[in-house]
2 protein chains.
Amino acid sequence: MTAFGNALRKAERRGLGQEAADRIRDAIFGGVFPPGAVLREVELAAGLEVSRGSVREALAQLEQEGLVRSAWHRGTRVIDLSVADVDEVYAVRAALERLAATSAGRRVDGEALAALEDLVSEMDSALRAGAAGSDLLALDIAFHDRIYAAAGNRRLLDAWHAVRSQVYLFQLTRVARDDADYRSILVEEHRELLALLRAGDTPRLAEAAEEHVDSARRRLVRMLAAAES
Amino acid sequence: MTAFGNALRKAERRGLGQEAADRIRDAIFGGVFPPGAVLREVELAAGLEVSRGSVREALAQLEQEGLVRSAWHRGTRVIDLSVADVDEVYAVRAALERLAATSAGRRVDGEALAALEDLVSEMDSALRAGAAGSDLLALDIAFHDRIYAAAGNRRLLDAWHAVRSQVYLFQLTRVARDDADYRSILVEEHRELLALLRAGDTPRLAEAAEEHVDSARRRLVRMLAAAES
DNA sequence: CATGTGCGGAATGTTGACATTCGGACATCA
DNA sequence: TGATGTCCGAATGTCAACATTCCGCACATG
């Protein structure tokens with residue numbers, strides 16, 4: 001990292017819509033609006049102290065992220081978490097991660113590798129310190145964010161953002177119910193990805209990235225199946 | 001297809017925003033707003049006879065499709081077509097087509113195969129009849145739409161829609177400049193995909209789908225390179 | 001009893017007015 | 001002369017009122 005590595009990064013204003021979207025997203029992740037809950041524009045506008053127009057913009061953004069779904073004159077509600085949904089999201093994610101790994105494999109530099117290394121270390125120490133599942137998840141997502149950034153493909157990043165929130169929501173419910181499983185493989189799998197990335201073994205990295213996602217899918221589906229019985 | 005194959009499809013209302021989005025998209029494809037052009041909300045609102053709010057919604061939708069890009073208080077403009085953009089879009093598309101082909105390979109039924117067969121036949125006759133490039137393109141896209149539909153993955157479909165308009169715009173400029181190249185491989189490549197799909201050879205189908213996209217990318221890049229010199 | 005019909009309330013969809021921001025033209029000063 | 005500071009017009013961002021649509025429920029009807 002240079003002296004101003006990311007100190008001079010962004011100074012852009014974003015508008016109330018985006019701000020509102022962040023608040024509502026956090027509320028969903030925080031359990032204020034559980035899966036299936038209805039999001040009423042007037043309520044949100046009153047609570048956030050912005051106009052309905054801005055709330056509308058926020059909900060449109062969240063719909064793009066797949067976190068909510070709305071229908072004509074029928075309101076907006078938080079998505080549900082069926083096994084079919086998990087399969088869909090993780091199938092797309094696997095395809096994207098494969099591409100991200102392949103592209104990143106050709107373009108990584110020392111800076112990105114160092115950042116990834118730091119993240120894995122953070123995971124390790126957070127794990128030993130008995131950190132909350134949501135903190136581990138944030139590091140997990142940050143790791144993959146970094147890889148997508150290294151891929152240097154704006155459209156790929158957009159596609160990732162269209163599933164990222166759903167992945168986060170899914171994993172959050174998983175961790176909330178049984179995180180021993182998650183903790184057991186977190187550091188190991190990411191360390192493997194990092195090693196392959198560093199070694200420049202792109203073909204095996206692509207396979208590992210895909211398998212990493214499918215592994216998460218299988219564990220999630222298993223947990224959901226256990227919950228329904 | 002059943003008797004009401006697609007006669008009972010959709011009866012949903014969509015709102016002025018979506019309607020406006022369709023008009024503006026067509027205008028972009030029609031060359032009214034060439035790449036790089038500025039889209040002013042007041043102009044569009046006046047032209048379409050809707051409020052600026054609806055235009056805003058339409059522009060947000062088009063931004064999600066990647067056709068336009070907007071910045072805070074700085075307006076909205078049609079995307080440009082650099083070689084880097086083409087590489088990005090087609091890299092993502094290749095990853096998506098690979099997944100779509102794999103999923104579709106497991107789920108296609110006779111109805112879908114028949115529909116695809118019809119589309120290839122239409123391509124063939126349109127080609128012999130000397131149809132316009134844009135018509136051939138519509139059939140091309142329809143073919144791939146059908147495959148994505150057969151994959152039965154809503155998130156995958158959304159991801160496809162996030163690049164489809166850009167693909168269409170790119171191909172449109174290509175066909176407008178030199179369509180002999182395009183015409184020469186159109187039917188052949190799609191017939192090959194259909195054959196592999198029918199044969200149930202999913203691994204080779206996935207490879208072919210990826211190669212089909214990369215072939216299109218190479219031809220496009222070559223054309224852009226020739227145009228700049 | 002099942003089906004169709006017509007309110008009524010509550011939510012979303014739409015609009016035009018008002019506030020804010022951006023970028024460039026012009027003036028100012030070393 | 002070139003860099004900096006300051007206005008101004010034009011566009012976008014935000015808002016609150018108005019219009020439209022949906023859904024549930026009661027009631028009529030066969």
Side-chain angles (χ1 to χ4, degrees), chain A residues 8-28 32-80, chain B residues 8-28 32-80:
Chain A
L8 285 182
R9 196 72 58 96
K10 60 177 176 183
E12 58 191 59
R13 300 207 198 177
R14 310 185 306 143
L16 289 184
Q18 300 254 326
E19 217 72 40
D22 288 347
R23 305 285 186 86
I24 299 172
R25 190 188 304 108
D26 286 345
I28 293 174
V32 180
F33 303 111
V38 181
L39 300 178
R40 260 175 285 271
E41 295 180 357
V42 279
E43 279 183 15
L44 294 171
L48 297 169
E49 296 187 71
V50 297
S51 78
R52 273 184 55 219
S54 299
V55 170
R56 228 146 203 293
E57 197 176 321
L59 291 178
Q61 157 109 24
L62 294 180
E63 183 168 20
Q64 175 177 358
E65 294 176 13
L67 258 191
V68 307
R69 197 156 296 182
S70 30
W72 164 270
H73 260 299
R74 220 169 300 179
T76 303
R77 49 179 55 212
V78 181
I79 58 165
D80 250 321
Chain B
L8 285 182
R9 195 82 59 95
K10 58 178 176 183
E12 57 190 59
R13 302 208 198 177
R14 309 186 305 144
L16 289 182
Q18 300 254 324
E19 217 72 39
D22 287 348
R23 305 285 187 84
I24 299 173
R25 190 189 305 107
D26 285 345
I28 293 174
V32 180
F33 302 110
V38 181
L39 300 178
R40 260 174 285 269
E41 294 181 359
V42 280
E43 278 183 16
L44 295 171
L48 298 169
E49 295 186 72
V50 296
S51 78
R52 272 185 54 221
S54 299
V55 170
R56 225 144 205 295
E57 198 176 320
L59 291 178
Q61 157 110 23
L62 294 180
E63 183 169 20
Q64 174 177 0
E65 294 176 15
L67 258 190
V68 307
R69 196 156 297 181
S70 30
W72 165 271
H73 260 298
R74 223 169 300 179
T76 303
R77 49 179 57 211
V78 181
I79 57 165
D80 249 320

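Chain letters run A, B, ... following the sequence lines, proteins first, then strands; residues in each count from 1. In this text the structure is predicted, and so the values were computed from the model without any measurement.
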B:Q61 vs B:E57, side-chain hydrogen bond (donor to acceptor under 3.5 Å, both in side chains): CA-CA, chis, key distance, verdict: CA-CA 6 Å; B:Q61 157 110 23; B:E57 198 176 320; over 6 Å; no
Residue pair A:I24, A:L67: steps toward the side chain to side chain contact (heavy atoms under 4.5 Å, CB included) verdict: CA-CA 10 Å; A:I24 299 172; A:L67 258 191; over 6 Å; no
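Of the listed nucleotides (D:dT12, C:dT12, C:dT14), D:dT12 has the atom at the smallest distance from the side chain of B:E41. Closest to the side chain of A:V50, out of C:dT15, D:dC15, D:dT21, is D:dC15. For A:L16, the side-chain atoms get nearest to D:dT14 when compared with the rest of C:dT14, D:dT14, D:dA11.
Salt bridge present: B:R25 and B:D22 bring a charged side-chain N and a carboxylate O closer than 4.0 Å.
As rounded to whole Å, 12 Å separates atom P of D:dC23 from atom CZ of B:R13. Atom CD in B:E57 sits roughly 17 Å away from atom P in D:dT12 (whole-Å rounding). Atom CD of A:E49 and atom C1' of D:dC15 are 14 Å apart (whole Å). Taking atom CZ on B:R40 and atom C1' on C:dC22, their separation rounds to 14 Å, with Å as the unit. The CD-C1' distance, from A:E19 to D:dT14, rounds to 14 Å in whole Å. Atom CZ in B:R77 sits about 13 Å away from atom C1' in D:dA11, given to the nearest Å. For the pair B:L44 CG and C:dG16 P, the computed distance is 15 Å after rounding to whole Å. In this entry the distance linking CZ of A:R52 with P of D:dA19 reads 14 Å, nearest Å.
Contacts with DNA chain D (heavy atom under 4.0 Å) in residues 65-76 of chain B: B:W72, B:H73, B:G75, listed by number.
The side chain of A:S51 places an N or O atom within less than 4.0 Å of a non-bridging phosphate oxygen (OP1 or OP2) of D:dC15.
Here the shortest heavy-atom pairing between A:G66 and A:I79 reads O-CG2, 3.2 Å.
Within 6.0 Å of CZ in B:R69 there are more than 12 heavy atoms belonging to other residues, nucleotides or ligands.
Position along DNA chain D of the nearest nucleotide to A:S54 versus B:E43 favours B:E43 as the more 5'-ward residue.
Within the model, atoms CG of A:L39 and CG of A:L62 stand 8.0 Å from one another, a figure rounded to the nearest 0.5 Å.
Here A:L39 lies in heavy-atom contact (under 4.0 Å) with sugar-phosphate atoms only. Using a 4.0 Å heavy-atom criterion, one finds that A:G53 contacts no nucleic acid atom at all.
Residues B:E63 and B:T76 fail the side-chain proximity criterion, which asks for heavy atoms closer than 4.5 Å.
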